[in-house]
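One structure below.
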Amino acid sequence: MFGLPLTFAAPAILFGLLALPAIWWLLRLTPPKPRTEVFPPLRLLAKVMKHEETPARSPWWLTVLRLLMATLIILALARPVLNPVADVSSGDGPLALLVDNSWSTGADWTDRIATATQLVEKAEDAGRAVALAFTVAPDNADVALAKPADLLPVLAASTPVAAKPDRVAALNLLSEALADQPPASLAWLSDGLAAGPDDETVSAINAMDLNEVLLFDGGISALRAIRGIDNTPTSFDVHVRGPEGLATGADPVSVSAYDEKGRLLAESTALFEGGSAETTASFDVPFELRNDFATLRIDGQQQAGGVWLVDENTRRRRVGLLTGQAGDLDQPLLSPLFYIQRALAPYADLIEGQSGDLSVDIPALIAQGPAMIVMADIGVLPDEASEQLAEWVEEGGTLVRFAGPRMAATASDDPLLPVDLRLGERTLGGSLSWTEPQPVAPFPETGPFSGLDAPREVSVNRQVLAEPDLELAAHTWANLADGTPLVTGDSRGKGAIVLFHVTAEATWSNLPISGSFVEMLRRITNLSRNTGALQPGNSSVTAEALQPYRILTANGELTTPPSHVRPLDAAASSAPASYVHPAGLYGAADGFVARNVLSEDDTLTPLGRPAFAAASSAFGYERGEESDLRGPLFLLALALLALDTLAVLWINGRLALFGRNRVGARAAGTVSAALALVALGAVLLWVTPGLAQEAKSDGRPGDDEIIELLETTRLAYVITGNESTDDVTAAGLWGLTRYLQSRTALEPAEPVGLDLENDELAFYPLIYFPIDTAMPMPSDAAISRLDAFMQNGGTVLFDTRDQLTTSFTGAAASPENQRLRDILSGLNIPPLEPVPPDHVLTKAFYILDHFPGRYDGSPLWVEASVTSDEAEGRPVRSGDGVTPIMITGNDLAAAWALDESGRPIYPTMSADPLQRIYAFRAGVNIMMYMLTGNYKADQVHVPALLERLGQ
């Protein structure tokens, strides 16, 4: 309303404001009550000459006060709501939720889920069924009408995926779920992006029988994404996209390059100039450093589009080598491929033909997906091999050929040449030649060799000549001082053909033994592109389905693959990123293929306001809880009523608070009653949902509470402030509590949420601390209290929930892992190690060899085992052999979480059906270990103890 996050639930009552003029007229015509005086004759006689007049109208300021009070009451009756959520109470049909959980939603996913949760809760209040569909989901996703309460855990457990949305498929599932139902309301929680000119989303929505459409769009003005990279001969270019049609001015964007271990290698900045939606960030760094680029990130963009994964194909090229003559083993320097191998070996993976038969070697090389094939003096190619080679070039291969006697004799009929050649070669400096050997001329500024210095020491004694024509100059990449071509090139489809007009060995020219030869071949190699779409760049594995190696999350972090990700085959590699094939790395550690979200043709087009057939409204993803403002308005009106009462008493002369007569006492009593009424209103009306929270005093429990806490064991967890995270943790510890009650003699009470800033920690043996980056960093006082708890025998179980192996040394860390490091930096932490096989934790109750949760990719870190002598100087010592700290990334609470009927809420990310059982057993072992200490470890010493007792 008026640009503010404010609305009225009963706007019709606002028409009551039209009655304010009438109220003003009545108030002006109603004078205050005449002032009365006690009948004192002398005082009456003293005033007999004065003309006492009763006001015909009330004072203007009193009228304004009463009008303001009436206005506040009318506004309060209209039920004003701050940060309103779309009203879904209209209509009798169900509510359909279409949620975009695509690549761009990772940064503000919490806000989107909070909005969806509020919509479902409102639907529950209105008694409407709800159907929920995500736009990035499996093809057989179960979309059906359900009770709103049953969908709240689904929303809490949902996560965005680094993939493109399929909105039409999700709408088709919603249409099937809404069949034979009254007209429904559709709430579309969009990512703000239009899918393209062929998007059929709006048509699919209009085809549904809908009562209304509620569109949620947070805007994409701050969205930046990488659409591609170019590893050029002189620089590494990163193409960054911004929103189309949104003039950003000279908006800077910073891109950082990291290696495989997450170390920062280089940074570059670019500007969106002139309202352009695209810019290029160039890294002008040495080739060796560019070859180490593994990940490119746009600073400040916590979404999958702001990350570009670089695979081996981008960094190195596979080069196939062929020759038409055999080398002399006794004279390797005369081998046609010797100098080519020496020039390319440090920068490319070289493969050679094995049989010597071109009809066999050429198909064998092409099958391995090389980026470039180099042929040294091959004149005539077999027809079938020539056709395969031509097709390979058309699809993106780079063919580099070197001249020689064989080519000079047969070049006129060869279609795999960039220019037409004359038969025979040209000899320079011979006894029958009038021309001296020619040096190399400076390289053209517009060619691929621009920037290289022309080699002064290189000269050419023999060459093959090109037939002169109008296009020869355009195809010339390097020439001699007399203008004849030395290197020519031409584009063929997606690929290119390059010809060196001299031999590959130092017979026609000393170019192959010069440093310029290495740089020229490297430039050509960098211009080539890998043609094996699924071929790992440094592996000999054939093009087959590749297993997922690391998957990119929607917030731009690499993690272990979830269970729904499938191997990437040739058909899926050309399709957009999807639920089963999200962005990430596919293959193995020694060779993988990078799959990114965007492609070169993708744009970031704002969704805008589509033309829906049904009535529609647009909303944003406002932060904050919905708040009812009736209480504050009624309270303010009550305060004005108290002021009005005081004003009337003052006008009538009743405000003699310091008088000793009966009237003064009665006035004082009236004022006291008014003030008490204001105080009562503050208590009853100010504490309204969304505005008042249950406050704690200083966190110190009373005597009765202390006794109750000491009598009953409870599991405790740290409240992060993120409602979704806290709900998962509470459900998880409640599920573990039930499991402990059913499997052990321990009967814990309900879990307790702790505020690190205020609550007492000493009553709990174990505190579960889920790491959430949305949680504010604990204060120094809270860190100090947590440190004291650990020193006094308590244990804190930190769970980063990031599925990664927790590391505390130089490697890259997830945001949760980095937050954990920040917290641990203020604690006295002992040396840590993964739980060893002989640790008490592995046999405290169940026999275990690992401690999984929802994920099973992280070890459980505990205090490292040391001797008693080494433990004397340790800042935090484990009481009774119990580690003061445990760290995992397996999301234990999500695996333990149960609903009220005892069913698991969240699936485990593993194909092992017993993983949840192992997770519960891990929780039991942890609790038994906390309560019994080194009891199990002492069992091995029973014979020695009995022997000593016998003595």
Side-chain angles (χ1 to χ4, degrees), residues 711-717 729-752 763-770 790 793-799 832-856 858-865 878-898 902-904 906 908 910 912-943 945:
E711 289 180 346
T712 308
T713 301
R714 294 176 183 268
L715 304 178
Y717 64 94
T729 306
L733 294 190
W734 183 78
L736 180 59
T737 297
R738 291 189 56 177
Y739 196 85
L740 286 167
Q741 293 171 349
S742 63
R743 295 295 192 276
T744 69
L746 178 64
E747 294 186 359
E750 292 293 323
V752 177
F763 300 109
Y764 312 99
L766 177 70
I767 297 177
Y768 183 84
F769 196 150
M790 296 167 63
T795 296
V796 181
L797 173 56
F798 293 97
D799 194 340
L832 302 177
E833 66 177 354
V835 175
D838 58 346
H839 198 278
V840 179
L841 270 170
T842 63
K843 50 182 176 289
F845 194 87
Y846 294 102
I847 303 299
L848 298 176
D849 58 0
H850 66 302
F851 298 84
R854 190 181 183 195
Y855 311 103
D856 193 11
S858 168
L860 179 63
W861 292 78
V862 296
E863 179 184 5
S865 300
S878 55
D880 198 23
V882 175
T883 176
I885 182 174
M886 299 182 189
I887 302 176
T888 184
N890 286 335
D891 199 359
L892 295 173
W896 299 335
L898 303 177
R903 295 177 299 180
Y906 309 108
T908 57
S910 171
D912 186 359
L914 297 179
Q915 180 169 327
R916 192 181 306 278
I917 300 300
Y918 294 143
F920 274 112
R921 292 180 178 181
V924 171
N925 273 28
I926 290 173
M927 281 304 301
M928 294 298 104
Y929 169 65
M930 293 307 308
L931 297 176
T932 62
N934 56 10
Y935 162 75
K936 285 286 185 180
D938 287 341
Q939 302 308 299
V940 299
H941 304 297
V942 167
L945 294 175

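These numbers come from a predicted model, not from an experiment.
- Interatomic distance, CG of Asn925 versus CE of Met930, reported as 13.0 Å (0.5 Å rounding).
- Applying the side-chain hydrogen bond (donor to acceptor under 3.5 Å, both in side chains) rule to Tyr717 yields no partners; only residues at least two apart in sequence or on another chain are considered.
- Looking at Arg854, its side chain never comes within 3.5 Å of a backbone N or O of Ala894 through a donor-acceptor pair.
- Phe845 is not listed as a side-chain neighbour of Arg921, based on a closest heavy-atom distance of 4.5 Å or more.
- Interatomic distance, Leu736 CG to Leu740 CG, rounded to the nearest 0.5 Å: 4.5 Å.
- Scanning for side chain to side chain contact (heavy atoms under 4.5 Å, CB included) contacts around Ala716 gives Leu754, Tyr764, Ile767, with sequence neighbours left out.
- In this structure, the separation between CD1 on Ile917 and OH on Tyr846 is 8.5 Å, given to the nearest 0.5 Å.
- Atom CD1 of Ile926 is separated from atom CG of Leu715 by 10.5 Å, given to the nearest 0.5 angstrom.
- Heavy-atom neighbours of Glu833 CD from other residues, nucleotides or ligands within 6.0 Å: above the threshold of 12.
- Partners of Tyr739 according to the ring pair (Phe, Tyr, Trp, His ring centres under 6.0 Å) rule, which considers only residues two or more places apart in sequence or in another chain, are Phe920.
- Across all their heavy atoms, Ile847 and Lys843 have their closest contact at CD1-CB, 3.8 Å.
- Judged by distance alone, with hydrogens and angles left aside, the side-chain atoms of Gln741 form a donor-acceptor pair with the main-chain N or O of Pro748 at under 3.5 Å.
- A search for ring pair (Phe, Tyr, Trp, His ring centres under 6.0 Å) contacts involving Phe798 returns Phe769, not counting sequence neighbours.
- Panel note: side chain Asp799, backbone Leu892; a donor-acceptor pair is recorded below 3.5 Å.
- With values rounded to the nearest 0.5 angstrom, Ile887 atom CD1 is found 9.0 Å from Leu860 atom CG.
- Looking only at side-chain heavy atoms (C-beta outward), Pro765 and Thr795 stay at 4.5 Å or farther from each other.
- Between Ala893 and Thr729 the shortest heavy-atom distance is CB-CA, 3.9 Å.
- Remark: the backbone N or O of Met928 is paired with a side-chain donor or acceptor of Thr932 at under 3.5 angstrom.
- With sequence neighbours excluded, the residues satisfying ring pair (Phe, Tyr, Trp, His ring centres under 6.0 Å) with Tyr918 are His850.
- Checking side-chain atoms of Gln915 against main-chain N and O of Gly853 turns up a donor-acceptor pair under 3.5 Å.
- Nearest heavy-atom pair, Pro751 versus Thr737, reported as atom, atom and distance to 0.1 Å: CG-OG1, 3.9 Å.
- With sequence neighbours left out, the side chain to side chain contact (heavy atoms under 4.5 Å, CB included) criterion links Pro904 to Leu898, Arg916.
- Looking at heavy atoms from C-beta onward, Thr883 lies in side-chain contact with Tyr929 at the 4.5 angstrom threshold.
- Side-chain contact between Asp849 and Thr842: absent, with no pair of heavy atoms (C-beta onward) separated by less than 4.5 Å.
- Using a 4.5 Å cut-off on side-chain heavy atoms (C-beta onward), Met886 and Tyr768 make no contact.
- For Phe851, the ring pair (Phe, Tyr, Trp, His ring centres under 6.0 Å) criterion is met by no residue, not counting sequence neighbours.
- Shown here are the side chain to side chain contact (heavy atoms under 4.5 Å, CB included) partners of Ala919, two or more places apart in sequence or in another chain: Ala895, Trp896.
- Considering only residues two or more places apart in sequence or on other chains, Asp891 meets the side-chain hydrogen bond (donor to acceptor under 3.5 Å, both in side chains) condition with none of them.
- In this structure, CG on Asp856 lies 6.0 Å from CG on Asn890, to the nearest 0.5 angstrom.
- Val862 is listed as a side-chain neighbour of His839, based on a closest heavy-atom distance under 4.5 Å.
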